[in-house]
Amino acid sequence: MNFQISIYNMNLSEQEQIRRQALDELRKIGINPYPAAEYKTNVFAKDILNKFDAEKNNFPDVCLAGRIMSRRIMGNASFAELMDSSGRIQIYLRRDDICPGDDKTMYNTVFKHLLDIGDIIGIKGFVFRTQMGETTVHVKEYTLLSKSIRPLPIVKEKDGILFDAVTDPEMRYRQRYVDLIVNPHVRDIFRKRTQIIQSMRELFNSKGYLEVETPILQAIPGGATARPFITHHNALDIPLYLRIADELYLKRLIVGGFEGVYEFAKDFRNEGMDRTHNPEFTVMEIYIAYKDYNWMMSFTEEIVKKAALELHGKTEIVYEDKIINLNPPFKRISMLDSIKENTGIEISGLDEAELIKVCDKLGIEHDPTMGKGKLVDAIFSEKCEHSLVQPTFIIDYPTETSPLTKMHRSKPGLTERFELFINCKEIANAYSELNDPIDQMERFQDQLKLSEKGDDEAMFIDNDFVRALEYGMPPTSGMGIGIDRLTMLLTNQSSIQDVLLFPQMKPEKKITSDPEEKYTEKGIPVEWIEPLKKLGFTTVAKLKEVEKHTKLHQDLCGYNKKNKLGLQNPSQENVKTWLD
RNA sequence: CGGCCCGUAGCUCAGCUGGUAGAGCACAUGACUCUUAAUCAUGGGGUCGAGGGUUCGAUCCCCUCCGGGCCGACCA
């Protein structure tokens, strides 16, 4: 028996070894643990739970498939829980139902011993209610559909309280598949994420706006201020950037004559990672001809309201300890008024030197690379954002930080731009788009000056984009919504990792391990390879670092004894030759 | 990048001014025909994140590193 285990792999846990043995046993019995055939089901667990009526006996013949999540075996009868994509349902198996004849293998051997929690099976039977009142499928016949050879964390639940729930973020994010299996509410979050996107798409399509795709690989990463990822195209031998925004391409399409275009775009920014930032993230950007930012504010209200209603059936949502009402109209206040409201200081018309004084007075850090716009932005971030719990449009931003935005129709030095804040976070950003090509070129050149001043986020000049504007772009309003952050808000999650299926993680540390040949080449007998690896010598190179061969010899003999391997101990001289 | 905390069985966690490890679940064997965190009995399972140091002796104390979390800084 010991030998039986050792020929598998010493690195496997006992439970994994047992499951691999079960795999072999199943094959011996003639059961394919990984059958190819389609398995036709006719119902989901949730449908049964919702619609079963014991008096009508309305599920006399069901077939469903899913993963075994728990088992309670009591001799000749067993209960188990089956989880399919819709949820969990209890199933009931009786030996003499599963095995009507003399051969009781399918129950006694296969179900009780060779199946495990985590295995995927299909069942046929009828629905009934147990004495305890639980809707249950009485199984007449089952089929193994896929054997699981790695034990799943066992999460138990009673009265809504989870026991031993997997909460370790490391495991939850790296092995999202496990998280999705054992934490059912996680699947729900991602369903809601898709629902939000669907809700927006439906609204846009109903208005006749066109969903488009624009380049992710861009020669000039435009449309936002951020540090890009850079890559290289071999055939063209040019650098390419992963997009930081799709704005400039969408506006080219408005020039091309579309009335409205939108894209759910993955953008990439080479910056810090934390609870609210992932290097790749999703932004919905939409551009509509002949509109302005006032119109866009109302449209944004409609988008947010619709998504909230479809997810929650109401516009009041709970986020952590706050209740947020997403019922329009949202408050609208200019950035300068908001600063005045929160600090009592009127900063309109101040020059750079005066703004620096204000920063000093308010205790806001600043540095010489910051222009007027960034100084105002810093004051706003520091003093105002925290007050914007309920949805609020902050409007009319300084020109300097808005190089793609039309000048304000009546307020000099400002632009027609708004950001929607909810729960103190920016959710949307929109403008009356700048369509004056000459103004646009000048703004790009101002960005160049900022860049020369040391601002490494300033925008690049996109000459082709200016050329497009020169042909004439209709007055247009554009808006972007951070899908990840909106999802966080609407699903009450506090970190972006919880709304991304596969958040970016540091690479997993690989344990390098040499193949057997490397060891045998050095004259090391096969049976001593495993003990050496267990002692930490996973590569032959590590053997070279051994200072005293006698110590290694001792360790090996000790390992042999401790694990009762029954191997013939090597001589000290032998061990010495391994180290050369 | 700085401060605080964490890393022990497959999972969740104990481990008392240092004496080479425990629980529950899971797993194995057995009992049990309506159980539901099923129950009962028995059993196996751990380089106590890695390396170094102090010590007769380190899971525990010290240093370095790796991985993770929270807070701050930077940053949309």
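Numbered from 1 within each chain, the chains take letters A, B, ... in sequence-line order. The figures that follow rest on heavy atoms only: side chains count, while hydrogens, waters and symmetry mates do not.
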Partners of A/E280 by side chain to side chain donor-acceptor pair (under 3.5 Å), sequence neighbours excluded?
->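 In terms of side chain to side chain donor-acceptor pair (under 3.5 Å), with neighbours along the sequence ignored, A/E280 is linked to A/K266.
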Separation of the [atom1] atoms in [N] and [M], to the nearest angstrom:
| N | M | atom1 | answer |
| --- | --- | --- | --- |
| B/C61 | B/C4 | P | 16 Å |
| B/A50 | B/G45 | C1' | 23 Å |
| B/U20 | B/U59 | C1' | 9 Å |
| B/G51 | B/U47 | C1' | 13 Å |
| B/U36 | B/C25 | C1' | 15 Å |
| B/C16 | B/A21 | C1' | 14 Å |
| B/G22 | B/G46 | C1' | 11 Å |
| B/C11 | B/G49 | P | 14 Å |

Check whether the side chain of A/E14 and the base of B/G44 form a donor-acceptor pair under 3.5 Å.
-> yes
If I take atom [atom1] in residue [X] and atom [atom2] in nucleotide [N], what distance separates them, rounded to the nearest angstrom?
| X | N | atom1 | atom2 | answer |
| --- | --- | --- | --- | --- |
| A/K112 | B/A28 | NZ | C1' | 14 Å |
| A/Y173 | B/G69 | OH | P | 8 Å |
| A/E170 | B/C70 | CD | P | 12 Å |
| A/D498 | B/G69 | CG | P | 11 Å |
| A/M273 | B/G68 | CE | C1' | 13 Å |
| A/R71 | B/A28 | CZ | P | 7 Å |
| A/M69 | B/A26 | CE | P | 13 Å |
| A/I117 | B/A37 | CD1 | C1' | 12 Å |

Short N-O contact, A/E16 and A/R20, less than 4.0 angstrom = no
Where does RNA chain B pair, written as one dot-bracket string 5' to 3', with Watson-Crick or G-U pairs under 3.5 Å, ( ) inside the strand, [ ] for crossing pairs and | for another strand?
-> (((((((..((((........)))).(((((.......))))).....(((((.......))))))))))))....
Polar atom pairs (N or O), protein with nucleotides 2-13 of chain B, under 3.5 Å:
residue: B/C11; atom: O2'; partner: A/D164; partner atom: O; Å: 3.4

Regarding [X], tell me which of base, sugar-phosphate or nothing describes its non-hydrogen contacts under 4.0 Å with the strands shown.
| X | result |
| --- | --- |
| A/E419 | base |
| A/R275 | sugar-phosphate |
| A/E81 | nothing |
| A/H277 | base |

Can you sort out the partners of [X] under side chain to side chain contact (heavy atoms under 4.5 Å, CB included), two or more places apart, ordered by chain and number?
| X | value |
| --- | --- |
| A/H138 | A/Y92, A/R94, A/D97, A/F126, A/F128 |
| A/V283 | A/D267, A/F281, A/E285 |
| A/T109 | A/I29, A/T105, A/L114 |
| A/P503 | A/Y173, A/R176, A/N278, A/Q497, A/L500 |

Between the side chains of A/T487 and A/D484, is a donor N or O closer than 3.5 angstrom to an acceptor N or O?
-> no
Considering all heavy atoms of both residues, which atom of A/K46 and which atom of A/S86 are nearest to each other, and what is their separation?
-> N-OG, 2.9 Å
Residues two or more places apart in sequence or in another chain: which of them pass salt bridge (Lys or Arg N to Asp or Glu O under 4.0 Å) with [X]?
| X | result |
| --- | --- |
| A/E400 | none |
| A/E25 | A/K28 |
| A/K104 | A/D96 |

Please set out all donor-acceptor pairs under 3.5 angstrom arising from side-chain atoms of residues 375-384 of chain A, sequence neighbours excluded.
residue: A/S381; atom: OG; partner: A/D377; partner atom: O; Å: 2.9

Give every pair of a protein N or O atom and an N or O atom of nucleotides 33-36 of chain B that lie under 3.5 Å apart, one pair per line with the distance.
residue: B/C34; atom: O2'; partner: A/Q131; partner atom: OE1; Å: 2.4
residue: B/C34; atom: O2'; partner: A/Q131; partner atom: NE2; Å: 3.3
residue: B/C34; atom: O2; partner: A/Q131; partner atom: N; Å: 2.7
residue: B/U35; atom: O2; partner: A/R72; partner atom: NE; Å: 2.7
residue: B/U35; atom: O2; partner: A/R72; partner atom: NH2; Å: 3.3
residue: B/U35; atom: O2; partner: A/Q90; partner atom: OE1; Å: 3.4
residue: B/U35; atom: N3; partner: A/Q90; partner atom: OE1; Å: 2.9
residue: B/U35; atom: N3; partner: A/Q90; partner atom: NE2; Å: 3.0
residue: B/U35; atom: O4; partner: A/Q90; partner atom: NE2; Å: 2.6
residue: B/U35; atom: O4; partner: A/T130; partner atom: OG1; Å: 2.9
residue: B/U36; atom: O4'; partner: A/R72; partner atom: NE; Å: 3.3
residue: B/U36; atom: O2; partner: A/Q90; partner atom: OE1; Å: 3.4
residue: B/U36; atom: N3; partner: A/E134; partner atom: OE1; Å: 3.1

Position toward the 5' end of RNA chain B (nearest nucleotide), A/H113 or A/S495 = A/H113
Taking the six-membered ring of A/Y397, is NZ or CZ of A/R417 closer than 6.0 Å to its centre and within 45° of its axis?
->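 Judged by the rule, A/R417 and A/Y397 form a cation-pi pair.
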